[in-house]
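Right, one structure below, let's go through it.
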Amino acid sequence: MQIRESNDGAVPTLDELETGIIDILRENGRATNLEIAERLGVTAATVSSRIKRLEESRAMKVVAVSDFAAHGFEILLAVGVKVTGRDVDAVATELAALPEVFSINMVTGRFDMELLVALRSFDEIAVLLTEHVGNIQGISDLDAGVVYDVVKFEFNVAPL
Amino acid sequence: MTKPALDELDHRIIETFSRDARVSNRQVASELGVTEGTIRTRLRRLQNSRMIQFTVVTDYRMAGSPNLVMMGIKANPSHVQALAKALSDMPEIGSVVLMMGRYSLLATALITSVEAADQLIRRKIRTLEGVQDVEVSWSIGAPKYDARLARITGPAE
């Protein structure tokens with residue numbers, strides 16, 4: 001999705017109550033409507049309707065974020081992709097269909113795309129390169145680096 | 001990082017909450033055919049081992065519609081650990097990973113102006129000891145992104 005273009009609707013403005021709800025849910029996304037209501041001095045029904053409104057306007061989403069390891073992913077690769085002689089978006093669409101590619105950013109610079117790829121074992125590199133990426137036309141360069149430590153990984157702001 | 005072995009029930013619990021993070025333990029219990037106590041215990045264990053975290057993701061618009069800036073940093077090997085720490089301490093930097101091949105480190109930041117990016121890269125990062133090169137690319141958009149899959153690095157809930 002485009003960062004600006006697809007979200008050119010009005011930016012939802014938050015009142016004090018909504019900011020309070022978001023702060024509590026950020027700390028603990030499992031806080032019940034009643035717990036939130038008691039802390040903010042409103043009714044559970046009000047909390048429920050505000051959360052619904054915030055999620056429907058795509059201002060925020062309460063999520064259960066799971067770790068790569070919970071899905072058995074042992075290896076993370078950051079891969080730069082260069083496309084030649086073909087529409088970059090068409091290549092991105094095909095890459096997006098690959099299950100091991102969990103994020104794609106279209107970028108400026110030496111590469112056209114930056115992928116994050118999650119694999120369960122080194123055996124899957126062969127499948128990725130020969131069967132999956134190898135069958136996509138238009139990729140002229142692929143530069144893969146192995147992530148051996150994730151020092152910081154914030155995920156509380158994202159395109160919704 | 002110690003990873004507990006997850007069984008089939010853990011996977012089904014994670015999958016259920018990934019679909020709806022606000023669903024009640026009772027509802028999940030009846031859906032999966034176990035007791036509410038089992039869901040509560042399993043969830044606590046998954047949270048404590050940083051396998052799952054319940055939180056809020058706010059949309060880019062709420063942060064002033066920033067662009068994601070990716071910085072591939074080449075550095076002297078002896079400085080990589082100190083650089084990882086220095087970069088992580090910068091509030092504007094959202095992620096830092098250590099890499100083999102391509103770069104020594106890859107860092108990302110959400111930035112709302114070219115001036116702010118220049119300030120960060122030229123004044124704060126390039127001046128750090130051991131930095132040889134910073135390759136910068138701006139994300140124009142993300143055709144694939146799942147906010148529910150990440151590395152949970154913070155303290156256990």
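Every heavy atom of this structure was used, including side-chain atoms; hydrogens, water molecules and symmetry mates were not. Numbers restart at 1 for each chain; the letters A, B, ... are given by sequence-line order, proteins then strands.
The closest donor-acceptor contact from the side chain of B:Ser95 to the backbone of A:Lys152 lies at 3.5 Å or more, if one exists at all.
When every heavy atom of B:Ile111 is checked against every heavy atom of B:Ala117, the shortest pair comes out as CG2-N, 3.6 Å.
Only the backbone of A:Leu98 comes within less than 4.5 Å of a heavy atom of chain B; no side-chain atom from C-beta onward does. Contacts between A:Ser48 and chain B at a heavy-atom distance below 4.5 Å are absent for every atom of the residue. Contact annotation for B:Ala63: only side-chain heavy atoms (C-beta onward) come within less than 4.5 Å of a heavy atom of chain A. Within the 4.5 angstrom heavy-atom criterion, no atom of A:Leu115 approaches chain B. If you measure heavy-atom distances from A:Asn33 to chain B, the contacts under 4.5 Å come from both the backbone and the side chain. Neither the backbone nor the side chain of A:Ala118 comes within less than 4.5 Å of any heavy atom of chain B. For chain B, no part of A:Leu76 is nearby; none of its heavy atoms comes within less than 4.5 Å. Heavy atoms closer than 4.5 Å to chain A are found nowhere in B:Leu105, neither backbone nor side chain. Heavy-atom distances place no part of A:Thr13 under 4.5 Å from chain B, backbone and side chain included. Both the backbone and the side chain of A:Ala96 come within less than 4.5 Å of a heavy atom of chain B. Within the 4.5 angstrom heavy-atom criterion, only side-chain atoms of B:Ile14, from C-beta onward, approach chain A. Using a 4.5 Å cut-off between heavy atoms, B:Asp10 does not touch chain A at all.
Contact check on B:Arg42 versus B:Asp7 returns a salt bridge, with a Lys/Arg side-chain nitrogen under 4.0 Å from an Asp/Glu carboxylate oxygen. With respect to the salt-bridge test (charged N to carboxylate O, under 4.0 angstrom), the residues B:Arg22 and A:Glu55 do not qualify. Ion pairing between a basic and an acidic side chain is recognised when a charged N comes within 4.0 Å of a carboxylate O; A:Arg39 and A:Glu27 show no such pairing. Salt bridge annotation for A:Asp143-B:Arg102: present, with a cationic side-chain nitrogen under 4.0 angstrom from a carboxylate oxygen.
Here B:Val57 is the residue among B:Val136, B:Val97, B:Val57, B:Asp146 with the most heavy-atom pairs under 4.5 Å with chain A. With respect to chain A, the highest number of heavy-atom pairs below 4.5 Å among B:Val23, B:Leu87, B:Thr108, B:Val69 belongs to B:Val23. Most heavy-atom pairs under 4.5 Å with chain B, from the set A:Val147, A:Leu95, A:Val146: that is A:Val146. Comparing B:Ser18, B:Ser24, B:Ser88, B:Gly101 by heavy-atom pairs within less than 4.5 Å of chain A, the highest count is held by B:Ser88. In terms of non-hydrogen atom pairs under 4.5 Å with chain B, the most contact-rich of A:Arg30, A:Met60, A:Met106 is A:Arg30. If you tally non-hydrogen atom pairs under 4.5 Å between each of A:Gly109, A:Ala64, A:Ala92, A:Gly145 and chain B, the highest count goes to A:Ala64.
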Checklist entry - Would A:Leu17 and A:Thr46 satisfy side-chain contact (heavy atoms from CB on, under 4.5 Å), going step by step from the backbone distance to the final call? => result CA-CA 10 Å; A:Leu17 176 60; A:Thr46 301; 3.8 Å; yes
Checklist entry - Does the pair A:Asp15 and A:Arg50 meet the rule for a salt bridge (charged side-chain N to carboxylate O under 4.0 Å, His left out), with working shown? => result CA-CA 10 Å; A:Asp15 62 22; A:Arg50 290 301 184 103; 2.7 Å; yes
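A salt bridge (charged side-chain N to carboxylate O under 4.0 Å, His left out) with A:Glu56 is found for exactly one of A:Lys52, A:Arg58, A:Arg53, namely A:Lys52.
Hydrophobic clustering of Ile, Leu, Val, Met, Phe, Trp and Tyr side chains at less than 4.5 Å, counting indirect connections, keeps A:Phe122 apart from A:Val127.
The CD1 atom of A:Ile36 sits 11.0 Å away from the CG atom of A:Asp23 when rounded to the nearest 0.5 Å.
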